[in-house]
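Quick notes on the structure that follows.
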Amino acid sequence: MSELKQTRPKGTQDFVPPDSERRRQAEATFRHLAETYGYREIITPTFEHTAVFVKSSGETSDIVTKEMYSFKDRAERDLTLRPEGTPGVVRAVLENQARMPCRLYYVGPYFRYSRPQKGRYREFGQVGVEALGEASPLTDAEVIFLGDAFFRSLGIHDCTTQVNSIGCRECRPGHRDALRNYLLERKEQLCGDCRLRIDRNPLRVFDCKVEACRQAVEGAPTPRQHLCEACKRHFEQVLADLTQRSLPYEVNDRLVRGLDYYNRTTFEYISASLGAQDSLGGGGRYDYLVEEFGGPDTPAIGFALGLDRALLAAPPAAGPARRHLAFVVWLTESELGETEKLAAKLRADGIPAQVDYDARRVKAQFKSADAAQAACCIIIGPDELAKGVYSLKDLVSGEQHEVPFDAITAAVRKRFRD
RNA sequence: GUGAGUGUAGCUCAAUUGGUUAGAGUACCUGACUGUGGCUCAGGAUGUUGUGGGUUCAAUUCCCAUCACUCACCCCA
């Protein structure tokens, strides 16, 4: 293989047909589903002032400390390619003084500087929703249900839903202290990372996969044990509504999530068929974030789902379907004018039409049509023009018959329906 | 950022213990079929063996470096 002069940057992906079409399809499915629940699309910049992410995700979170694509522009502004969606949405909602409550969804590329592997890319596709100004536990359950519905509509069936509650301003400090004391007593057993976490964010120790840490944390005080009455009731209502909706779930006490802004409900969707990167998506409540951005006290909840991983977990597309495309084939140059006219008419009638202007022989044109996966060919030759017909050939069945000039659109439409 | 594995034709892969013109399938092109794709048959074209160095009479094969990809750690989508 001769060396290509230009290759794509590490961790980025090209989507060529039909992969690009499969991806679009999944996005369309999500848009439709989200709109079904009353969400409307929000489009925000792909980069923001770095402070937007640092303030919301947490100064010490891994995303902020080592995974951001940050740069200075020509005026020395500190900018960052968005590593996640929520902070930008919250910023935009406040900046545009959107009326609360409001339900927003988004679709787009996100960027994190981490080493690529299966299901993890430096540029990746994410879809998400944010329900701002809604405090009810029923909203939590509906949001969790919506994420699950998206995966199911893509044909993903091995997806399990995990939920947890990490409490609020009232009950978190109590738990934090209890957990910190518990961990300090067992500091010797913990890995280096976790020893640092004791001070910075003890909750994250629950996330650690090191076996020693897992054991040490076995009997640790869980967030759930320390929930205040209000949080406890909220969580119970979330679970009750999930049950009501017949959505199977697992309560996972170790599910704490990596972003600082979460409170109360957290959840995550896990797939068994993805390898190490098994999280299809996740989210949670972030009742304090809007206020921290300088806005009014506003409860909120949302999720982000990984498009790349969803497509990885979804069953492969069905067999090679023919495209709704008519290929117009010409015999000699004297039919070229007629060929262009027919193609124009078909397109005006809403039928995608293509012509191979370069291939001189009919055989080569048919090969092009086949390679393009066209559903049919329309042949224009001297004989046809003399008789006032086109020859219409179905490329799947191989059948061919003559169609009067003015009946061609209807005849092709019929082919597409079959 | 750390570790391991893999780089041979457009694609998927071969090539005995290092041994001289690096093969096969598929895709591609041509013809059988000068108005017809897919099937069949016959023929044809294709590689600086990722790159750079080293060992050797001889390197796709062994060694070093480098780059790329993959998987895992980490982190999470």
Side-chain angles (χ1 to χ4, degrees), chain A residues 1-4 6-13 16 57 60-68 82-86 106-128 147 150-151 191-194 204 207-211 255-259 268-271 274-283 303-313 320 322 327 329-332 335 356 359-385 391-400:
Chain A
M1 196 189 329
S2 66
E3 197 83 339
L4 291 170
Q6 303 294 344
T7 56
R8 71 179 111 86
K10 185 190 279 289
T12 60
Q13 307 172 88
V16 300
S57 304
T60 60
S61 71
D62 291 274
I63 290 178
V64 167
T65 54
K66 49 190 193 194
E67 293 186 352
M68 293 203 306
R82 59 185 186 191
E84 50 159 334
T86 305
Y106 57 84
V107 172
Y110 292 80
F111 308 85
R112 279 182 214 172
Y113 191 93
S114 51
R115 192 106 158 228
Q117 70 186 72
K118 187 183 177 72
R120 187 171 77 186
Y121 307 95
R122 289 185 172 178
E123 179 178 16
F124 56 98
Q126 210 169 258
V127 302
F150 173 61
F151 296 127
C191 71
D193 283 341
C194 284
R204 297 294 322 279
D207 252 351
C208 191
K209 285 171 193 153
V210 175
E211 191 49 39
L255 176 60
V256 297
R257 315 268 316 151
L259 303 164
E268 198 161 333
Y269 307 97
I270 310 282
S271 164
L274 280 183
Q277 308 301 320
D278 62 355
S279 171
L280 282 171
F303 65 56
L305 313 178
L307 202 53
D308 306 279
R309 290 184 189 176
L311 256 13
L312 232 40
R322 288 276 162 169
F327 223 91
V329 174
W330 49 282
L331 264 297
T332 69
E335 287 91 49
D356 186 338
R360 311 228 134 246
R361 289 165 332 234
V362 174
K363 192 187 178 80
Q365 293 183 52
F366 266 85
K367 281 203 150 201
S368 291
D370 199 42
Q373 299 263 277
C376 61
C377 281
I378 301 167
I379 305 101
I380 305 180
D383 297 352
E384 279 83 359
L385 291 186
S391 292
L392 176 62
K393 178 168 185 174
D394 186 303
L395 288 180
V396 178
S397 66
E399 285 170 26
Q400 179 172 329

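Naming convention: chains lettered A, B, ... in sequence-line order (proteins, then strands); numbering from 1 in each chain. Source: prediction; values computed, not measured.
- Sequence order on RNA chain B of the closest nucleotides to A:G275 and A:R361 puts A:R361 first from the 5' end.
- Across the protein-nucleic acid pair, A:M68 atom CE and B:G1 atom P stand 17 Å apart, rounded to whole Å.
- Taking 4.0 angstrom as the limit, A:R120 places none of its side-chain polar atoms (N or O) nearer than this to OP1 or OP2 of B:C73.
- Nucleotides B:C57 and B:A4 have their P atoms positioned 33 Å apart, rounded to a whole Å.
- The partner of B:U56 cannot be assigned: no Watson-Crick or G-U wobble pair with both contacts below 3.5 Å exists in any strand.
- Comparing atom distances between the A:R322 side chain and each of B:A77, B:G37, B:G35 picks out B:G37 as nearest.
- A:Q277 has its CD atom 9 Å from the C1' atom of B:C74, to the nearest Å.
- Under the Watson-Crick or G-U wobble criterion, with both distances below 3.5 Å, B:G44 is paired with B:C28.
- Shown here, B:A68 forms a base pair with B:U6; the pair counts as Watson-Crick or G-U wobble because both key distances fall under 3.5 Å.
- Base pairing analysis places B:U16 opposite nothing; no Watson-Crick or G-U wobble pair with both distances below 3.5 Å involves it.
- Comparing the P positions of B:A27 and B:A72 gives an interatomic distance of 32 Å, to the nearest angstrom.
- Between the side-chain ring of A:F124 and the base of B:A77, a stacking contact exists by the 5.5 Å and 30° definition.
- In terms of modelled atom types and a separation under 3.5 Å, the side chain of A:R82 and the main chain of A:P109 share a donor-acceptor contact.
- B:C13 and B:C71 have their P atoms separated by 14 Å, given to the nearest Å.
- Nearest to the side chain of A:E67, among B:C75, B:G37, B:G35, sits B:C75.
- The cationic atom of A:R122 (NZ for Lys, CZ for Arg) does not lie both less than 6.0 Å from the six-membered ring centre of A:F111 and within 45° of the ring axis.
- Rounding to whole angstrom units, CZ of residue A:R257 and P of B:C76 are separated by 8 Å.
- Side-chain N/O atoms of A:K10 include one lying less than 4.0 angstrom from OP1 or OP2 on B:C69.
- Listed nucleotides: B:C73, B:A77, B:U36. Nearest to the side chain of A:R115: B:C73.
- Here the separation of B:G47 from B:G7, taken at their C1' atoms, is 14 Å to the nearest Å.
- Using modelled atom types, one side-chain atom of A:D308 and one backbone atom of A:G125 make a donor-acceptor pair closer than 3.5 Å.
- Note on A:L307: nothing from the nucleic acid sits closer than 4.0 angstrom, heavy atoms only.
- If you take atom C1' in B:G5 and the same atom in B:G50, they sit 16 Å apart, rounded to whole Å.
- Side-chain contact annotation: A:S368 with A:Q365, donor-acceptor N/O pair under 3.5 Å absent.
- Nearest-nucleotide positions on RNA chain B for A:R122 and A:D394 put A:D394 closer to the 5' end.
- Listed nucleotides B:G37, B:C73, B:C76 differ in distance to A:A276; the shortest reach to its side chain belongs to B:C73.
- Side-chain N or O atoms of A:R309 include one that pairs as donor or acceptor with a backbone N or O of A:G119 at under 3.5 Å.
- Counting non-hydrogen atoms under 4.0 angstrom, A:G119 reaches a base of the nucleic acid.
- Closest to the A:K118 side chain, of the nucleotides B:G37, B:C74, B:A72, is B:A72.
- Side chain A:R8 to base B:C69: no donor-acceptor pair is found below 3.5 Å.
- Closest to the side chain of A:K363, from the set B:A77, B:U30, B:G37, is B:G37.
- In this structure a side-chain-to-backbone donor-acceptor pair under 3.5 Å is present from A:R112 to A:P83.
- Set against B:G37, B:C76, B:A4, the side chain of A:L395 has B:G37 as its closest nucleotide.
- Side-chain contact between A:L312 and A:Q277 is absent, with no heavy-atom pair separated by less than 4.5 Å.
- Spacing between B:A45 and B:G3 at atom P, rounded to whole Å, works out to 48 Å.
- The base-pairing partner of B:C74, taking Watson-Crick or G-U wobble contacts with both distances under 3.5 Å, does not exist among the strands shown.
- Look at A:R204 and you'll find a side-chain N or O under 4.0 angstrom from OP1 or OP2 of B:C76.
- Look at CD on A:Q400: it is 9 Å from C1' on B:G35, rounded to the nearest Å.
- With C1' as the reference atom, B:C28 and B:C64 are 39 Å apart, rounded to whole Å.
- Put simply, CZ on A:F303 is 19 Å from P on B:C76, counting in whole angstrom units.
- Across the strands present, B:C33 finds no partner; the criterion is a Watson-Crick or G-U wobble pair with both atom distances under 3.5 angstrom.
- Residue side chain A:K393 reaches the base of B:G37 through a donor-acceptor N/O pair under 3.5 Å, judged by distance alone.
- In this structure, A:F111 places its CZ atom 20 Å from P of B:C76, rounding to the nearest Å.
- At the heavy-atom level, A:Y110 lies nowhere under 4.0 Å from the strands shown.
- Note on A:V396: a base of the nucleic acid sits closer than 4.0 angstrom, heavy atoms only.
- Here A:D278 does not pair with A:K118 in a salt bridge; the nearest charged N to carboxylate O distance is not below 4.0 Å.
- A donor N or O paired with an acceptor N or O is found under 3.5 Å between the base of B:G35 and the side-chain atoms of A:E384.
- For the atom pair CG of A:L307 and CD of A:Q126, the computed distance is 9.5 Å after rounding to the nearest 0.5 Å.
- Of the listed nucleotides (B:G37, B:C76, B:G35), B:C76 has the atom at the smallest distance from the side chain of A:S279.
- Neither OP1 nor OP2 of B:C71 sits under 4.0 Å from any side-chain N or O of A:Q117.
- Comparing atom distances between the A:I379 side chain and each of B:A77, B:G1, B:G35 picks out B:G35 as nearest.
- Look at CD1 on A:I378: it is 15 Å from C1' on B:G37, rounded to the nearest Å.
- Nucleotides B:G31 and B:G23 place their P atoms 28 Å apart, quoted to the nearest Å.
- Here the C1' atom of nucleotide B:C71 and the CG atom of A:L312 are 13 Å apart, to the nearest Å.
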